[in-house]
Amino acid sequence: MKKKLFITIGIIIALACTSAVGIAVTMMNAPKHPSEYKIGIKYEEALTSDKPMLAVFYVDWCGYCLRFMPKFNILSKLYKDKFNFVMVNVEDKENVNLANDLGIAGFPTVYILDPKYDNRVLLSNSIYQNLAKFRVELDRYLRIRKLLDKASE
């Protein structure tokens, strides 16, 4: 009986150690800055496209930005045919004027930008922190854009 108990405890300890090592390796390989995600295309390229863009404005030192990037990555795969995805590092000197024009004051800031209709939609963090709510908002925007496209025909 004691032998079975020791074996069971040994197996449990071995599994726990294996899981801890796996988690540590995953954490070591995980991106440490939002810019390491490399999602989407450049802002200038998105401006010339017919699709609206979903743009995230971030800084590399922002923990919230880093935690948001996996959601942004998921959305970029789900909506790749409907939106251009753009990452804008606000600390990059090339992006200062754009950030000022949009009034970027906190991070991350997420906009739907539509060059075709000169439209800007600022998404609240209560929307973009919840993936289901985020998808509802993106789908709503696409429905409205479709109506605009039909009206302009």
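Scope of the values below: all heavy atoms of this structure, side chains included, with no hydrogens, waters or symmetry mates. For the single chain, residues carry numbers from 1 onward in sequence order.
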Under 4.0 Å between a side-chain nitrogen and a carboxylate oxygen: does that hold for [X] and [Y]?
X      : Y      : result
Asp114 : Lys51  : no
Asp139 : Lys82  : no
Glu137 : Arg140 : yes

Any idea which heavy atoms bring [X] and [Y] closest together, and the distance?
X      : Y     : value
Gln129 : Lys71 : O-NZ, 2.6 Å
Thr48  : Glu45 : OG1-O, 2.8 Å
Pro31  : Glu36 : CA-OE1, 3.2 Å

Worksheet item: For the atom pair CG (Asn89) and NE2 (His33), what is the distance rounded to the nearest 0.5 Å?
Response: 11.0 Å
Fill in: Gap between atom SG of Cys62 and atom CZ of Arg67 - 0.5 Å precision
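Going from the CZ atom of Arg67 to the SG atom of Cys62 covers 8.0 Å.
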Fill in: Donor-acceptor pair, side chain of Ser49 and main chain of Ala46, under 3.5 angstrom
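Not at all, since once roles are kept as given, no pair shorter than 3.5 Å links the two residues.
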Discussion item. Could you work out, with ring pair (Phe, Tyr, Trp, His ring centres under 6.0 Å) as the rule, every residue matching Phe68, not counting sequence neighbours?
Written reply: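 Ring pair (Phe, Tyr, Trp, His ring centres under 6.0 Å) list for Phe68, sorted by chain: Phe72, Tyr128.
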Fill in: Pair Lys116-Asp149, side chain to side chain contact (heavy atoms under 4.5 Å, CB included): steps then yes or no
CA-CA 10 Å; Lys116 182 176 181 180; Asp149 286 343; 2.9 Å; yes
Worksheet entry | Counterpart residues, side chain to side chain donor-acceptor pair (under 3.5 Å), relative to Asn130 (two or more places apart) | none
Worksheet item: Is there a path from Leu131 to Ile112 through hydrophobic residues (I, L, V, M, F, W, Y) whose side chains come within less than 4.5 Å of each other?
Response: yes
Worksheet item: For the hydrophobic clusters of this structure (ILVMFWY residues joined by side-chain heavy atoms under 4.5 Å, transitively), does one cluster hold both Leu54 and Ile144?
Response: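 Shared cluster, no.
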Practice prompt. Any chance you could lay out the side chain to side chain contact (heavy atoms under 4.5 Å, CB included) test for Phe85 and Asn73, step after step, and finish with the verdict?
Written response: CA-CA 9 Å; Phe85 286 80; Asn73 194 30; over 6 Å; no
Over 12 foreign heavy atoms within 6.0 Å of [atom1], [X]:
X      : atom1 : value
Glu94  : CD    : no
Tyr64  : OH    : no
Asp118 : CG    : no

Side chain to side chain, [X] and [Y], heavy atoms closer than 4.5 Å:
X      : Y      : result
Pro34  : Asp60  : yes
Leu123 : Val121 : yes
Met69  : Met87  : yes
Phe83  : Leu75  : no
Val56  : Thr109 : no
Tyr58  : Leu66  : no

Worksheet item: What's the verdict on side chain to side chain contact (heavy atoms under 4.5 Å, CB included) for Arg120 and Asp101, showing C-alpha distance, side-chain angles and the deciding distance?
Response: CA-CA 11 Å; Arg120 300 174 176 177; Asp101 181 43; 2.6 Å; yes
Worksheet entry | Fellow cluster residues of Val90, listed by chain then number, with links counted only when side-chain atoms sit under 4.5 Å apart |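 Once heavy-atom contacts under 4.5 Å are chained together, Val90 belongs with Ile41, Tyr43, Leu47, Met53, Phe57, Val59, Trp61, Val86, Val88, Leu98, Leu102, Ile104, Phe107, Tyr111, Leu113, Leu122.
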